[in-house]
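Reading through the structure tokens given below for one structure.
Values in this document were obtained by computation on a predicted structure and should not be read as measured data. First the proteins, then the strands, lettered A, B, ... as listed; each starts at 1. Just so you know, these numbers use all the heavy atoms, side chains as well, and skip hydrogens, waters and symmetry mates.
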2 protein chains.
Amino acid sequence: MTISAAVQSSTGGGDLLPSREARLAYRSGKAGSTAGVAKGFVQGNLAILPEKFAGSFHRFCQLNPKPCPIIGMSDVGDPRIPSLGLDLDIRTDVPRYRVWRDGEVIEEPTDVKAHWRDDLVAFVLGCSFSFEEALLAEGLPIRHIEHDIRVPMYRTNVACQSAGPFAGPMVVSMRPFKPAQAIRAVQITTRFPSVHGAPVHLGHPHSIGIKDIAKPDYGDPVPVEADEIPVFWACGVTPQAVIAAAKVPFAITHAPGLMLVTDLKNRDLAVL
Amino acid sequence: MTISAAVQSSTGGGDLLPSREARLAYRSGKAGSTAGVAKGFVQGNLAILPEKFAGSFHRFCQLNPKPCPIIGMSDVGDPRIPSLGLDLDIRTDVPRYRVWRDGEVIEEPTDVKAHWRDDLVAFVLGCSFSFEEALLAEGLPIRHIEHDIRVPMYRTNVACQSAGPFAGPMVVSMRPFKPAQAIRAVQITTRFPSVHGAPVHLGHPHSIGIKDIAKPDYGDPVPVEADEIPVFWACGVTPQAVIAAAKVPFAITHAPGLMLVTDLKNRDLAVL
């Protein structure tokens, strides 16, 4: 039985998992934001680096688990990550990639087969879509989702622990909540350490180097009402910013918002 | 074997539990704040009511578990609460009591043997000393403890659910923290629902009807620095305020800060 047939069979003979269905569509060239795709399934940030830099990057993630929670890794040169999907092919299954040379994006292809090398290591890192699903399930409103825009993200003055060439500030995402909701949001996201976990900050943006909450460094601004508190989570844009700053000769990431859809279930990431 | 001998024996033959030692001292007339007494042991707020009002008060606690978490109750007319201490006598073991008639304190004796009646029911409610111990154990500084003053407490505009004659606003206590500490404090106190649990509010005092954070309704003011967030927990003063407001013909409570010391361990209250 091929791996593909095994996965097919494991889903009960015929029906595809929505996550696998999404990956197959992306594999055949479809692109577009994965927000709301395959609800209930974990999506991940992608970073692919040559083995020469993979050790340092792995250590960077280990040292900075809140912005860089590893949920899957490939073997050197192997495009498969069976723990995230038996048939998953990291060269083709992300809707759109960014190919980096010396810290610059040189291409945004829908597959990276032409760029694959046998010294590459793929890292998949947890993403806020998972905890947002948990917040929504508990009835907490999420402003940027209500407005159908991207979450606002900010570079902070909080330095990540550095490792080899990888260093830089933590990037955070912000969601405004009323105080009682903010407390509930801390509780809910604490249950999900592998997708950024509890917030890293709330209430005093200037304390972490954010000068103007209305001017995010990435994503779109959202209003914070007078009776609300801005709540900040470590963000998966951090590793991408750090890879850019390190100006490594070669790297591949996902394009922002176009994530890897895995066969893991968000609910299975809850630690309690 | 008498109950007293059984407790004695259960402690390993000779050594008194520090909690029991404290109760015996209070029983023999000693009075004074129980802050820092019998570290590690649960202390409780006390409310004693005639059976006629006990049903409504019990329902009030049930409806408002954050300010009124019940950790023990006596049978009608029975001064013992064996679940909190095998030899515990609720008429004598609190350092100082308040005796209430029609909503007024008429006496603050060190025992209430002369006031005991066979229709009285005693309620013991969780107290913030327990979660403060947990916060300190995790390295969080507590401002009013550092200053050796009482925690600031405030009447809010948040109405408790009413039950019979018992109604009124929730009273909250406030501890200022830096944002990351506030997040940690939410996590830690969430583990202790029977001693007020997670905060009920943070960051916007005016949203819950607190006009001036420097002017608490009970306790002492503490400074909140510019980079800090005031964090508010439901407070065990709430039931005492509600009993006063209800002007029930007769009630007994502890005197503020002079709590019932029980044989329960704070660590055993953690739900996770």
Inset, instruction - Look only at the side chain of A:H204 and the backbone of B:E228, and say whether a donor-acceptor pair between them is shorter than 3.5 Å. - result: yes
Inset, instruction - Kindly give the heavy-atom pair with the smallest separation between A:P179 and B:L202, and that separation in Å. - result: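 For A:P179 and B:L202, the tightest heavy-atom pair comes out as CB-O, 3.2 Å.
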Inset, instruction - Work out which heavy atom in A:I183 is nearest to a heavy atom in B:P199; give both atom names and the distance. - result: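 Minimum heavy-atom contact is CD1-O, 3.4 Å.
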Legend entry - Atom CG of B:D148: over 12 foreign heavy atoms under 6.0 Å: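 Open.
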Inset, instruction - Decide if atom CD of A:Q62 counts as having more than 12 heavy atoms of other residues, nucleotides or ligands within a radius under 6.0 Å. - result: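 No - once you tally the heavy atoms of other residues, nucleotides and ligands closer than 6.0 Å, there are 12 at most.
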Legend entry - Inter-residue atom distance B:R191.CZ - A:Q187.CD, 0.5 Å rounding: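 The CD atom of A:Q187 is 13.0 Å from CZ of B:R191, to the nearest 0.5 Å.
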Legend entry - Spacing of CZ belonging to A:R184 relative to OG1 belonging to B:T190, to within rounding of 0.5 Å: 8.5 Å
